[in-house]
Amino acid sequence: MYGGGYIYDEPNKRPLAEQLAEDPDKLAAFEARIAKGEKIEPGDWMPSEYRRQLIRLIEQHAHSEIIGALPEGTWITRAPGFKRKLALIAKVQDEIGHGQLLYNAAETLGKSREAMINDLLSGKSKYSNVFNYPAETWADVAVIGFLIDAAAIVNQVANAKGSYGPYCRALERICYEESFHLKQGHDAFIELATGTPAQKTMVQEALNRWWQPIMHFFGPPDKTSSHSEKLMQWKVKMASNDDMRNQFLDMYVPKIWELGLSLPDPLLRKNEAGKWEYTDPDWDEFFRVINGEGPCNEERLRVRKWAEENGRWVRKALMQPSDKKSFPVA
Ligand code: FAQ
């Protein structure tokens with residue numbers, strides 16, 4: 001059984017009266033628990049809007065992990081050398097594992113894995129903007145491993161201290177692995193940035209391609225972010241989109257400049273108040289991309305559909321009761 005206040009926009013399950021059984025006393029007690037820093041667990045009462053928002057956010061995060069494995073996955077066979085190949089295989093496998101952890105966390109809120117995957121494949125659910133772009137060269141893989149993993153860590157370290165127990169515990173574990181991914185990305189990035197002129201050019205061009213998607217990664221500016229206020233009040237988001245973007249710039253822009261690389265924004269600078277100033281990235285492009293018009297959106301969903309269809313027999317076999325499983329004896 002799931003906790004109270006359950007409203008969910010799928011054909012479901014619980015009577016309307018039960019869904020509407022929210023009351024102000026319960027809401028006040030719930031918010032007091034959050035204010036004290038307590039974790040909310042799956043069986044606890046929660047407002048339906050808290051549940052709905054968490055499902056949206058965790059599901060989107062889970063989809064981002066499994067779709068996020070695809071741009072780097074295409075480079076496994078082409079990674080330069082045995083060690084880079086091994087590290088990339090392990091990383092891509094980890095990202096799929098993060099998807100599993102996150103789908104599990106979202107399932108505790110009452111949406112089935114099947115419904116989540118269907119919503120991904122139909123285009124109803126979103127996934128991170130950055131995974132709609134192609135990884136054109138090996139340097140793109142280095143930029144993803146270094147800077148997108150770094151951006152993900154900034155977000156996840158903060159939100160791991162949030163209010164919903166299953167999501168926080170999943171994030172904590174994910175962050176350990178992401179830190180390792182960042183190290184491998186950083187190592188590949190440095191190798192190129194300090195390599196031959198051709199390697200340096202290759203990494204500079206990849207950086208130029210990825211800069212805008214990375215600036216978009218943290219979400220729209222605070223003044224236009226539709227969900228931030230409520231999510232921050234309920235400690236699902238522990239920092240605003242702009243604060244996370246600023247934290248990322250503070251940690252990583254100096255590292256990029258130190259390597260003699262540039263960023264494609266002439267206005268990028270830290271002001272006297274310690275805040276980063278930058279050219280506003282093209283938010284119309286961001287919304288086009290996250291609404292299904294990204295350069296690789298069709299391809300990403302096609303690959304996932306292929307995996308769903310061709311993996312169905314494996315899932316079916318695994319879900320059989322153990323007495324019905326028969327294994328050939330050699
Ligand atoms: N991409 O009101 P807000 C990774 C949507 S994991 C797509 O500000 P919110 C690991 C948002 O859904 C990467 N859509 O939204 C890895 C909303 O649309 P809706 C994923 C975005 O939720 C590394 C609308 O814009 N991480 O990289 C994006 O309060 C390397 C309005 O925006 C997570 O998902 C976006 N970037 O704040 C894997 C972390 N930004 O739903 C492989 C959890 C916004 O109303 C290789 N998520 N939108 O139709 C979050 O922390 C939040 O969802 C934010 C956005 C901060 C991303």
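Each ligand, and each atom within it, is numbered from 1 in the order the structure gives. For the numbers below, each heavy atom of this structure counts, side chains included, while hydrogens, waters and symmetry mates do not.
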side-chain hydrogen bond (donor to acceptor under 3.5 Å, both in side chains): which pairs involve residues 216-234, sequence neighbours left out?
E31-Q233, E31-W234, Q53-H227, D222-S240, S225-S228, S228-K237, K230-Q233
Does the structure place the NZ or CZ of K255 under 6.0 Å from the centre of the six-membered ring of Y252, at an angle of no more than 45° from the ring's axis?
yes
Once you round to the nearest 0.5 Å, how far does CZ of F248 lie from CH2 of W276?
11.0 Å
R300: partners by salt bridge (charged side-chain N to carboxylate O under 4.0 Å, His left out), with sequence neighbours left out
none
Would you say L102 and F180 are hydrophobically clustered, going by side-chain heavy atoms of ILVMFWY under 4.5 Å?
no
Which N/O atoms of ligand 1 sit under 3.5 Å from a protein N/O, and at what distances?
from: ligand 1; atom 1: 1 (N); to: N129; atom 2: N; distance (Å): 2.9
from: ligand 1; atom 1: 2 (O); to: S225; atom 2: OG; distance (Å): 3.1
from: ligand 1; atom 1: 2 (O); to: S226; atom 2: N; distance (Å): 2.9
from: ligand 1; atom 1: 2 (O); to: S226; atom 2: OG; distance (Å): 3.3
from: ligand 1; atom 1: 2 (O); to: H227; atom 2: N; distance (Å): 2.9
from: ligand 1; atom 1: 8 (O); to: S225; atom 2: OG; distance (Å): 2.8
from: ligand 1; atom 1: 8 (O); to: N241; atom 2: ND2; distance (Å): 2.7
from: ligand 1; atom 1: 12 (O); to: R56; atom 2: NH1; distance (Å): 3.2
from: ligand 1; atom 1: 12 (O); to: Q60; atom 2: OE1; distance (Å): 2.8
from: ligand 1; atom 1: 12 (O); to: Q60; atom 2: NE2; distance (Å): 3.4
from: ligand 1; atom 1: 22 (O); to: R56; atom 2: NH1; distance (Å): 3.2
from: ligand 1; atom 1: 22 (O); to: R56; atom 2: NH2; distance (Å): 2.9
from: ligand 1; atom 1: 29 (O); to: K237; atom 2: NZ; distance (Å): 2.7
from: ligand 1; atom 1: 36 (N); to: N129; atom 2: OD1; distance (Å): 2.9
from: ligand 1; atom 1: 36 (N); to: F217; atom 2: O; distance (Å): 3.0
from: ligand 1; atom 1: 37 (O); to: K237; atom 2: NZ; distance (Å): 2.9
from: ligand 1; atom 1: 41 (O); to: R56; atom 2: NH1; distance (Å): 3.0
from: ligand 1; atom 1: 45 (O); to: H227; atom 2: NE2; distance (Å): 2.6
from: ligand 1; atom 1: 49 (O); to: K126; atom 2: NZ; distance (Å): 2.5
from: ligand 1; atom 1: 51 (O); to: N155; atom 2: ND2; distance (Å): 2.8

For residues 183-191, which side-chain donor-acceptor pairs fall under 3.5 Å, sequence neighbours excluded?
from: D187; atom 1: OD2; to: R84; atom 2: NH1; distance (Å): 3.1
from: D187; atom 1: OD2; to: R84; atom 2: NH2; distance (Å): 3.0
from: E191; atom 1: OE1; to: R84; atom 2: NE; distance (Å): 3.4
from: E191; atom 1: OE1; to: R84; atom 2: NH2; distance (Å): 2.5

